[in-house]
Amino acid sequence: MLLLLAGCSTMPAGGYVDSPNGRPVPVRQDRNTLHQLVKTDLDRVADIEYSENVATLRLLMLKLYKRNPAEALKSGLGTPEQIASHVFENWAVHHWQFESLGRAQETAAITLALNPQYSGDRVLALVVGIQSMLFRAHGQKSAFFITDSIEPQNLYNAARNIEIAVWKLAHAKNAQGELLLLTNSQPGEVQNLSFEREFSKLIARTDLLALTLAEKSQRFISRLTQSITTAPFLPFR
């Protein structure tokens, strides 16, 4: 499981060591501390899954600002790097509640990013929405111990919501027929599917942890079958 998660990693979550097959494996900074005694192997997997998803989402935020430079100017929070640092490093202060977003979080913030009438920073709204949704799906925790319990259904629903958001992102347009946010390459441009790959990593990691937790705890995951083009965002328990 650790090697599978490492295979879809984006950046170090505490450092990497080389494995025998040449693939880098994440190393937790706290692996030698006493509190590791109160972690199961599955807790460590959850730690890696969450931190790698945060790293991927941070990368996506910077890529989105690079592709849509006008969005960063709307936030008034500085350069794209400064905005990303504020969102991901100061989360214990702001708890992903931004006045410019009307303090919207989770799917409400994602919906705001995809609203043609919204005039604010769509990148901030999208990333804050996905990050706060993942945080809630993990039981509002970023580190996991033997006493914690993550609901697999919430992780599964979060993964489906990201899928829905990505589809809507590729099709949401303003009154002039222009995409609200540019991601993958458009007709006539050099092919670029890097956004699709990064979003796919978020979905794959979250799904993998959801299915692993469900199997471990023998909890059933309800898999609703519906068209992604018309599907509403799924709720959390």
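What you see is a predicted model, and the numbers here were worked out from it, not measured in a lab.
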Q.
Suppose we screen for side-chain hydrogen bond (donor to acceptor under 3.5 Å, both in side chains). Which residues come up paired with Glu215, at least two apart in sequence or across chains?
A. none
Q) Taking His95 for the side chain and Ala92 for the main chain, is one N or O donor matched with an acceptor at less than 3.5 Å? A) yes
Q. Can you name the closest pair of heavy atoms from Asn157 and Pro235 and give their distance?
A. ND2-O, 2.7 Å
Q: Could you verify whether a donor N or O on one side chain and an acceptor N or O on the other, from Thr56 and Asn53, lie under 3.5 Å apart?
A: no
**Q.** Interatomic spacing from OG1 in Thr183 to CD in Glu196 - rounded to 0.5 Å
**A.** 9.0 Å
Q. When you measure from the side chain of Arg67 to the backbone N and O of Asn184, does any donor-acceptor pair fall under 3.5 Å?
A. yes
Q: Please list, chain by chain and in numerical order, all residues satisfying side chain to side chain contact (heavy atoms under 4.5 Å, CB included) with Leu213, sequence neighbours excluded.
A: Leu42, Ile150, Pro152, Leu155, Leu209
Q) Do you know which two heavy atoms are closest between Ala137 and Phe236, and how far apart they sit? A) CB-CE2, 3.8 Å
Q: List in chain and number order the residues that pass side chain to side chain contact (heavy atoms under 4.5 Å, CB included) with Thr107, two or more places apart in sequence or in another chain; answer none if no residue qualifies.
A: Met133, Asn161, Phe233
Q) Which residues satisfy the side-chain hydrogen bond (donor to acceptor under 3.5 Å, both in side chains) test with Gln105, sequence neighbours excluded? A) none
Q: Output, in order, the C-alpha distance, side-chain angles, deciding distance and verdict of salt bridge (charged side-chain N to carboxylate O under 4.0 Å, His left out) for Asp47 and Arg44.
A: CA-CA 5 Å; Asp47 282 348; Arg44 296 184 180 94; over 6 Å; no
Q: Measure the CE-CD1 distance between Met61 and Ile83 for me, rounded to the nearest 0.5 Å.
A: 6.0 Å
**Q.** Worked check of side chain to side chain contact (heavy atoms under 4.5 Å, CB included) between Leu77 and Gln82
**A.** CA-CA 7 Å; Leu77 295 175; Gln82 289 172 331; over 6 Å; no
Q.
Does Ser200 form a side chain to side chain contact (heavy atoms under 4.5 Å, CB included) with Arg197? I'd like the steps, not just the answer.
A. CA-CA 5 Å; Ser200 294; Arg197 287 195 296 269; 5.6 Å; no
Q: Check the pair Val45, Thr212 against side chain to side chain contact (heavy atoms under 4.5 Å, CB included), reporting the backbone distance first and the verdict last.
A: CA-CA 10 Å; Val45 170; Thr212 302; 5.9 Å; no
Q.
Return the CD to CG distance between Gln117 and Asn174, rounded to the nearest 0.5 Å.
A. 9.5 Å
Q | Side chain Asp43, main chain Thr40, donor-acceptor under 3.5 Å | A | yes
Q) In Å and rounded to the nearest 0.5 Å, what is the OG1 to NZ distance from Thr206 to Lys201? A) 13.5 Å
Q) Is there a donor-acceptor contact under 3.5 Å from the side chain of Asn68 to the main chain of Leu182? A) yes
Q) Excluding sequence neighbours, so at least two apart, what forms side-chain hydrogen bond (donor to acceptor under 3.5 Å, both in side chains) with Asn115? A) none
**Q.** same_hphob_cluster(Leu180, Val123) at 4.5 Å side-chain heavy-atom cutoff
**A.** no
Q: Report yes if some heavy atom in the side chain of Ile110 is under 4.5 Å from a heavy atom in the side chain of Ile164; otherwise report no.
A: no
Q.
Taking salt bridge (Lys or Arg N to Asp or Glu O under 4.0 Å) as the definition, give me every residue that meets it alongside Asp207, ordered by chain and number, with sequence neighbours left out.
A. Arg160
Q | hydrophobic_cluster_shared for Val166 and Leu62, side chain cutoff 4.5 Å | A | no
Show me the side-chain donor-acceptor pairs of residues 124-131 shorter than 3.5 Å, one per line, residues at least two apart or across chains.
unit_1, atom_1, unit_2, atom_2, d
Gln131, NE2, Tyr50, OH, 2.9

Q | Partners passing ring pair (Phe, Tyr, Trp, His ring centres under 6.0 Å) against Phe98 (at least two apart in sequence or in another chain) | A | His86, His94
Q) Which salt bridge (Lys or Arg N to Asp or Glu O under 4.0 Å) pairs, counting each pair once, include a residue from residues 173-185, with sequence neighbours left out? A) none
Q: Say whether Trp167 and Ile203 are linked into one hydrophobic cluster, either directly or through other cluster members, by side-chain heavy-atom distances under 4.5 angstrom.
A: yes
(Q) Between His138 and Phe144, is the ring centroid distance below 6.0 Å? (A) yes
Q: Indicate the atoms forming the closest heavy-atom contact of Ser100 with Tyr118, along with that distance.
A: O-OH, 3.2 Å
Q: Please report the closest heavy-atom contact between Phe88 and Trp91, naming both atoms and the distance.
A: O-CD1, 3.2 Å
Q.
Run the side-chain hydrogen bond (donor to acceptor under 3.5 Å, both in side chains) test against Ser85 and tell me which residues pass, sequence neighbours left out.
A. Arg58
Q | Minimum heavy-atom distance Val87-Trp96, with the two atoms named | A | O-NE1, 3.4 Å
Q) So which pairs with a foot in residues 117-140 pass salt bridge (Lys or Arg N to Asp or Glu O under 4.0 Å), sequence neighbours left out? A) Glu106-Arg136
(Q) Checking Phe195 now: which residues fulfil ring pair (Phe, Tyr, Trp, His ring centres under 6.0 Å) with it, not counting sequence neighbours? (A) none
